[in-house]
**Q** 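Here it is: the structure, laid out below.
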Protein chains: 2
Amino acid sequence: MTSRRPDYEEEADRGGGALRKRATINDIARLAGVSKKTISRVINDSPFVKVETRDKIHAIMKELGYRPDPQARGLAFRRSFLIGMIYDNPNPQYVVNVQQGILEAVRESGFELVVHPCNRADAGFLDQVRTFVEQLKLFGVVLTPSVSEDDDLVAILRELDCPYVRVASVSLDEAERMIVTHDADGAAEAARHLAALGHTRVAFISGPPSFRSSHERRRGLAEGLAEQGITLEDRYIIEGAYTFDSGVACARALLAMDEPPTAIFTGNDEMAAGVYTAARDAGVSIPDDLSVVGFDDSPMAARLWPPLTSVKLPIRNMGRFAAEKLIDMATPESERRTRSHQVEPGLAVRGSTASPR
Amino acid sequence: MTSRRPDYEEEADRGGGALRKRATINDIARLAGVSKKTISRVINDSPFVKVETRDKIHAIMKELGYRPDPQARGLAFRRSFLIGMIYDNPNPQYVVNVQQGILEAVRESGFELVVHPCNRADAGFLDQVRTFVEQLKLFGVVLTPSVSEDDDLVAILRELDCPYVRVASVSLDEAERMIVTHDADGAAEAARHLAALGHTRVAFISGPPSFRSSHERRRGLAEGLAEQGITLEDRYIIEGAYTFDSGVACARALLAMDEPPTAIFTGNDEMAAGVYTAARDAGVSIPDDLSVVGFDDSPMAARLWPPLTSVKLPIRNMGRFAAEKLIDMATPESERRTRSHQVEPGLAVRGSTASPR
DNA sequence: CACGGCACGGAAACCGGTGTCATTTGACGG
DNA sequence: CCGTCAAATGACACCGGTTTCCGTGCCGTG
């Protein structure tokens, strides 16, 4: 039973001094000459309040700078006004982008964002997430890969009656609860690009197999190449971890092969950066000796030299859209602004790809 | 009065189904055969409870998986169990690093982290932050540059009786509330490094003047150079914005000078990456024609080519230390593990610096 | 035997809102 | 003028804890 203890003092003068106490619902009720309940109705936009009454109450609220206490409301509602972001992605760049998007949507909504990293490999993973959601009585959560693919986790969220939106490379749930990134399509586009340049020995450095995206991106690549009559050979498929270091290691292995690939497609830009480093160490020139294509089109892609060709994913928008969907679940359909939440990958062609020698 | 409205339904069946209701303090009291008050005492680690009673109650709590409701406790305490991170840094890499550090400390403490970006240039900036802190009744906040340097903001936090820790380049408050990064020392070390290599025409691309660190880093650079009898000339000082694009623009301007600098020190690594791009466009080779030193030693520094020499700041630890200090404020001094929270900058020397021709 | 500190108990109020259900108000038809 | 019915509002318990303000055994001490 861990618990925050307020430096125990059973009955003591809690200092505090002359804090101008904030107005409460009772104050407003008294001043307006109505009951608490009516104030509550106004707070919650009940249609059963006379317009004049409502306006008058609004005026009083404004004058006193009154804002209902989220904690008290939450206690009664059995629900807080916090949105959670649950993630286990080893790539900080990805995380911060999604987060920015969520914050954009959250900022104008009155909710706040609680971030919660986790590790699916931990023994108590599910319990830990359950505790997080249950204790905070989260209003909803955004799940990013790979936790977004965890059906056990989703089952818990359903049990807890906690709304969620999953960001994933393929659809795993009702459309209402999904932001689908169609990774395979993006990878296929990269494949077509490489094939058009004349590459036939194409390698793939995947992310960890626990990420659905790893498989989707490989599948897309393989299918895109197959369209052009090219085979993605098993010997050219190697498993990374979505980290820079793993990219270096995998690229090293590929470049050391008797018949090394002429192009490497990586599961994300972090690993592509690793390929750059390994190539330099091996005296292999990009793009002359080796073409490289990344995935995500993170800010880093344009900063590398040569600038990295990369499958473009609107990661930030994905976060924004996910949060908007969540917030929409709380908005009456009538007031919901219809907005499109389609995510389509593209390909940003830069200097890291060229025809093989 | 913006407010989350639960799709109004005054009296409706809120679905929910057969949710196994969680145990409350009353259940525990009944089962333990004691009063609520005693349970409350146990929750808050009151010393006025017999050991056996406490153990027995703990056992019952454990069996029922009881966890006191933070919302209810918060309502009574007039305080939540959330820690806020307030930032306005334009560099996402910096933000995500601090955040990771905070999360490390927070994870094992029972608190949760709410992130709150903001913009000091906004008209309602102070009110907005006040609302954030007041509404959430934050347990405490971590302030990062440049909002950490805003005394008006701090005044509000004091008024709201909200504990805070400021991360800044110089001490601005009592030691208990500061994580000081001594940016000037780091910059001075970079200056000595460049001087030792024989550079005399050294330029500085600063961050925005609203960041104290911009001035500190310049000061440190100037002083370090002065030690070696070198002057940091005004014409070589140029103002960036801590962003990649600003780095490109500033470097372009510097390289176009009649007598361009032989070395550029940038306020952060993002801008250093911009210098790389501008140098390439101008046909200037790093480090042969131009030495570059960054600040932060972000992961990107090692990925650039040539790898970037950079002043090393333990950004992640800064976040961790800040959060630990905050949490310490809630821990009785007796139980506080004494830990050192010193931050010392260093210099990671890599391939982007060499003697001028 | 009086006294004081420890370890609790009990009832009620409180924190600041919401849900339930009853009651009042006003407009309208007869 | 009265009955009716929907609209508008109120009284009261409740959400899950904490605090207040007493009490009461129990035990050790002088």
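Chain letters run A, B, ... following the sequence lines, proteins first and then strands; every chain starts at 1. Scope of the values below: all heavy atoms of this structure, side chains included, with no hydrogens, waters or symmetry mates.
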**Q** Does a side-chain N or O from A/Arg78 land closer than 4.0 Å to OP1 or OP2 of D/dC15, or not?
**A**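 No, because none of the side-chain N or O atoms of A/Arg78 sits under 4.0 Å from OP1 or OP2 of D/dC15.
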**Q** In whole Å, what is the span from the CG atom of B/Asp69 to the C1' atom of D/dG16?
**A**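 From B/Asp69 CG to D/dG16 C1': 6 Å.
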**Q** Respond yes when some side-chain nitrogen or oxygen of A/Ser35 is under 4.0 Å from OP1 or OP2 of D/dA11, and no when none is.
**A**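 Answer no for this pair, as no side-chain N or O of A/Ser35 is under 4.0 Å from OP1 or OP2.
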**Q** Salt bridge or not for B/Glu104 and B/Arg316, using N-O below 4.0 Å?
**A**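 Counted as a salt bridge, because a side-chain N and a carboxylate O are separated by less than 4.0 Å.
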**Q** Roughly, in whole Å, what's the span from CZ in A/Arg41 to P in C/dT18?
**A**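 To the nearest whole Å, that distance equals 11 Å.
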**Q** Do the side chain of B/Ser80 and the main chain of B/Leu136 share a donor and acceptor less than 3.5 angstrom apart?
**A**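 Checked: pair present.
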**Q** Under the salt bridge (Lys or Arg N to Asp or Glu O under 4.0 Å) test, which residues partner A/Arg177, sequence neighbours left out?
**A**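 A/Arg177 satisfies salt bridge (Lys or Arg N to Asp or Glu O under 4.0 Å) with A/Glu174 only.
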**Q** Is any side-chain N of the basic residue among B/Arg30 and B/Asp27 closer than 4.0 Å to the acidic one's carboxylate O?
**A**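 Yes, charged N to carboxylate O under 4.0 Å.
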**Q** Could you check whether any side-chain N or O of A/Arg22 sits under 3.5 Å from a backbone N or O of A/Gly65, counting only pairs where one atom can act as donor and the other as acceptor?
**A**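 Such a contact is found between A/Arg22 side chain and A/Gly65 backbone.
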**Q** Check this one for me: any side-chain N or O of A/Asn26 less than 4.0 Å away from OP1 or OP2 of C/dG16?
**A**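 For A/Asn26, the contact criterion (side-chain N or O under 4.0 Å from OP1 or OP2 of C/dG16) is not met.
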**Q** Which residue lies toward the 5' end of DNA chain C, A/Lys50 or B/Val34, if each is placed at its nearest nucleotide?
**A**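 By nearest-heavy-atom nucleotide position, the 5'-most residue is B/Val34.
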**Q** Rounded to the nearest angstrom, tell me the gap between atom CG in B/Asn44 and atom P in D/dG16.
**A**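 Atom-to-atom, B/Asn44 to D/dG16, this comes out as 18 Å.
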**Q** Looking only at N and O atoms, is any donor in the side chain of A/Arg67 or the base of C/dG16 less than 3.5 Å from an acceptor on the other one?
**A**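 Side chain to base: no pair present.
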**Q** Below 4.0 angstrom from OP1 or OP2 of D/dG17, is there any side-chain N or O of B/Ser40?
**A**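 Result: no.
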**Q** Tell me the interatomic distance from A/Arg79, atom CZ, to D/dG16, atom P, rounded to whole angstroms.
**A**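 These atoms are roughly 14 Å apart.
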**Q** What is the distance, rounded to the nearest whole Å, between atom CZ of B/Arg22 and atom C1' of D/dG17?
**A**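 B/Arg22 atom CZ is separated from D/dG17 atom C1' by 15 Å.
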**Q** When you measure from the side-chain N and O atoms of B/Thr24 to the phosphate of D/dC15, is any distance below 4.0 Å, counting only OP1 and OP2?
**A**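 The answer is no; no side-chain N or O of B/Thr24 sits under 4.0 Å from OP1 or OP2.
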**Q** Ignoring hydrogens and angles, does a donor from either the side chain of B/Lys36 or the base of D/dG16 sit under 3.5 Å from an acceptor on the other?
**A**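 Side chain to base: no pair present.
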**Q** Nearest-Å distance, CZ (B/Arg73) to P (D/dT18)?
**A**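 Distance check: B/Arg73 CZ to D/dT18 P gives 6 Å.
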**Q** Taking atom P of D/dG10 as reference, at what distance in whole Å does atom CZ of A/Phe48 sit?
**A**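 It works out to 16 Å between those atoms.
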**Q** Between D/dG17, D/dG10, C/dT18, which one does the side chain of A/Ile25 approach most closely?
**A**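 The answer is C/dT18.
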**Q** With respect to the side chain of A/Ala76, which nucleotide from D/dG16, D/dT18, C/dT18 is positioned closest?
**A**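 The answer is C/dT18.
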**Q** Is any N or O donor-acceptor pair between the side chain of B/Lys37 and the base of C/dG10 shorter than 3.5 Å?
**A**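 Counting by modelled atom types and ignoring angles, no donor-acceptor contact under 3.5 Å is found here.
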**Q** Measuring to OP1 and OP2 of C/dA7, would you say a side-chain N or O of B/Thr38 lies under 4.0 angstrom away?
**A**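 Result: no.
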**Q** Rounded off to whole Å, could you give me the CD1-to-C1' distance for the A/Ile43 and C/dG19 pair?
**A**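 Nearest whole value for this atom pair: 14 Å.
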